[in-house]
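Data block below; observations after.
These figures come from a predicted structure and were not determined experimentally. So you know, we letter chains A, B, ... as the sequences are listed, proteins then strands, and number each from 1. Just so it is clear, the values below take in all heavy atoms, side chains as well, and ignore hydrogens, waters and symmetry mates.
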Number of protein chains: 2
Amino acid sequence: MFSESAQTAIAGHASGGFVPPTAPTLRSLFGRQPIEKFEAGTAILWEGDDASHIFEVTEGVLRVFRILGDGRRVITGFLYPGDILGVSLKDRYLYSVEAVTHAQVRRFGRNRFQEEISRSPELRPQLFSRLCDEMAAAQDQMVLLARKNAEERVCSFLLLMARRVKADQQTTPVIEIAMTRLDMADYLGLTIETVSRTMTKLASRGVIAPSGRHGLKILKFAKLVALAGDGDEEDKTDSNYARRAVWPN
Amino acid sequence: MFSESAQTAIAGHASGGFVPPTAPTLRSLFGRQPIEKFEAGTAILWEGDDASHIFEVTEGVLRVFRILGDGRRVITGFLYPGDILGVSLKDRYLYSVEAVTHAQVRRFGRNRFQEEISRSPELRPQLFSRLCDEMAAAQDQMVLLARKNAEERVCSFLLLMARRVKADQQTTPVIEIAMTRLDMADYLGLTIETVSRTMTKLASRGVIAPSGRHGLKILKFAKLVALAGDGDEEDKTDSNYARRAVWPN
DNA sequence: CGGAGTTTTGACTGGAATCAACTGCGGTGG
DNA sequence: CCACCGCAGTTGATTCCAGTCAAAACTCCG
């Protein structure tokens with residue numbers, strides 16, 4: 001969850017030092033909590049656990065997923081530094097979260113978090129903003145899963161990865177894919193074989209070029225966009241779409 | 001703050017006229033706005049429109065959808081009386097909404113809505129609650145679209161419909177399906193033919209029985225639950241229907 | 001009664017899943 | 001040092017579920 005674009009504007013830790021004490025941010029809220037570390041592959045929380053804490057990711061990548069009775073896994077999103085995790089009104093988590101890479105999080109008691117949020121007119125719109133971004137990402141994902149074919153899914157995913165990097169620093173053609181093929185497959189509703197075949201095909205067509213174990217370069221960005229299939233959509237990347245209305249002041 | 005799935009409690013339109021002024025609800029907030037009517041098949045708003053208003057559905061059923069460049073349609077959800085529509089922080093709607101049946105809505109200026117929300121400590125958690133429920137529904141849908149087969153999708157959908165009716169009145173085995181096969185297909189990521197075939201098969205197995213044009217009876221509820229595929233999930237319905245048989249007397 | 005739209009049914013196709021074998025890399029220990 | 005193992009990823013052969021194309025049947029309304 002919260003995997004979508006624009007929260008870097010709010011939470012990105014590249015944003016530098018200027019944060020006046022009169023303008024608390026979600027990030028600063030977690031700032032004092034001790035850091036907890038998780039090895040790759042270990043669980044931060046399980047579906048069904050008592051939803052007693054809210055987390056902020058400070059380092060690494062996490063996967064949010066659910067498992068069907070017979071073992072089928074669905075990854076509903078990935079979490080990156082700055083993302084918030086565990087916000088809900090149910091008293092149990094309705095998904096599990098594991099570390100994809102070595103990862104660090106800060107933890108906040110749920111009640112305390114709610115208190116802070118409900119009393120701070122600065123924090124509230126920030127949280128609200130996150131929820132809306134998350135919802136938008138979920139809708140994109142539903143479109144992908146409902147109607148896109150394997151190639152479109154993989155291309156959409158690669159663009160999502162590219163967007164993350166682009167947001168942090170300009171013009172980086174080398175993208176790090178932290179997750180395994182299995183993670184990608186379970187996120188895209190495909191099998192590892194299909195993901196692999198599709199990537200191979202994209203590489204052989206010169207659209208992308210693998211670069212080491214978990215890296216790849218995008219050689220034909222425009223082609224990738226076309227192949228992602230979001231036909232009439234204008235670029236969600238910059239200004240036009242990301243422009244946000246100011247919520248409550 | 002953040003009371004449990006208060007949707008029907010807040011929004012149920014059976015609640016009649018009495019709303020004490022000391023306990024504002026989202027419903028009462030919209031109460032004074034004029035009612036707008038829409039014929040079946042007409043649009044309430046389009047993706048890309050200026051997101052100038054928030055709506056409350058007061059009657060009928062709406063579909064929320066997006067269209068890919070080449071015409072593929074994805075319905076991301078249906079809206080019923082009491083549901084709120086158009087809440088986001090983007091300045092353009094990112095989905096279209098049409099009336100499935102004859103429908104009525106009330107409209108609220110976005111800025112005014114934001115004001116009301118941000119100044120009312122009663123309204124805020126209600127809105128928050130809606131967003132969380134919506135998010136939970138979206139995740140269920142991602143699971144359905146990513147990993148469930150045609151039969152499981154259709155059964156999950158029928159259960160969703162059944163749950164709506166159950167919430168309103170007890171023990172109603174006849175369910176009204178307001179939408180067409182095409183709507184169902186576009187919601188479930190299938191084709192009309194596959195939906196039709198699957199329903200026919202369920203009927204021939206005695207799990208369901210069609211009842212008129214848009215109605216059907218669920219004859220074997222437990223079977224339907226099993227076929228929906230949400231393996232280890234406990235019953236999200238309040239009853240312990242499936243569980244009773246297992247208990248020693 | 002007729003005609004358009006919706007749904008069902010049937011025959012066939014195709015894209016992704018499945019099953020299976022192989023490659024390549026990284027770590028480990030003899 | 002390198003032989004061995006284990007895991008992630010790739011590649012190939014085959015299967016199967018849902019999509020596609022086509023036509024018939026049913027409904028709703030004027």
Residues of residues 201-212 of chain A with any non-hydrogen atom less than 4.0 angstrom from an atom of DNA chain D: list those, numerically ordered, please. none
B:V105 to B:V57 - nearest heavy-atom pair and separation: CG1-CA, 4.3 Å
Whole-Å distance between C:dT9 C1' and B:M199 CE? 15 Å
Looking only at C:dA20, D:dA13, D:dG19, the nucleotide nearest the B:L190 side chain is D:dG19
Name the closest nucleotide to the A:A150 side chain, picking from C:dA16, D:dG19, C:dT7. C:dA16
A:L145 CG - D:dA18 P separation (whole Å): 16 Å
What about A:R197: does its side chain form a donor-acceptor pair under 3.5 Å with the base of C:dG15? no
Would you say C:dT6 has OP1 or OP2 under 4.0 Å from some side-chain N or O of B:T180? no
Does a side-chain heavy-atom distance below 4.5 Å link B:M199 with B:M184? yes
Are any of the side-chain heavy atoms of B:K217 and B:I175 separated by less than 4.5 Å? no
No-H, no-angle donor-acceptor pair, A:R213 side chain to C:dG24 base, under 3.5 Å: no
Find the distance B:K148:NZ to D:dA18:C1' and express it as a whole number of Å. 18 Å
A side-chain contact here means heavy atoms from C-beta on lying under 4.5 Å apart; do B:H53 and B:Y93 qualify? yes
Record whether the side chain of B:E193 comes under 3.5 Å of the base of D:dC21 through a donor-acceptor pair of N or O atoms. yes
Taking the side chain as everything from C-beta on, heavy atoms only, tell me whether A:E98 gets closer than 4.5 Å to A:W46. yes
A:R72 CZ to C:dT18 C1', straight-line distance once rounded to whole Å: 15 Å
Atom pair distance, as rounded to whole Å: CG in A:N149 and P in D:dT20: 11 Å
Please report, rounded to the nearest Å, how far the C1' atom of C:dG5 is from the NE2 atom of B:H214. 11 Å
May I have the distance from B:R147 (atom CZ) to C:dA16 (atom C1'), rounded to whole angstrom? 11 Å
B:I192 CD1 to D:dG19 C1', straight-line distance once rounded to whole Å: 11 Å
Under a 4.0 Å threshold between the charged nitrogen and the carboxylate oxygen, would B:R73 count as salt-bridged to B:D183? yes
Given D:dT11, is OP1 or OP2 found less than 4.0 Å from the side-chain N or O atoms of A:T200? yes
Do B:F55 and B:L79 have side chains that approach each other closer than 4.5 Å (heavy atoms only, starting at C-beta)? no
At under 4.0 Å, does any side-chain N or O of A:T191 touch on OP1 or OP2 of C:dA16? no
Can a side chain N or O of B:S196 be found less than 4.0 Å away from OP1 or OP2 on C:dT8? yes
Applying a 4.0 Å non-hydrogen cut-off, can you work out what B:G189 is touching in the nucleic acid: base, sugar-phosphate, or nothing? sugar-phosphate
Closest non-hydrogen contact found for A:A178 with A:T101 is CB-CG2, 3.8 Å
Closer than 4.0 Å, any side-chain N/O of B:R181 to the OP1 or OP2 of C:dT8? yes
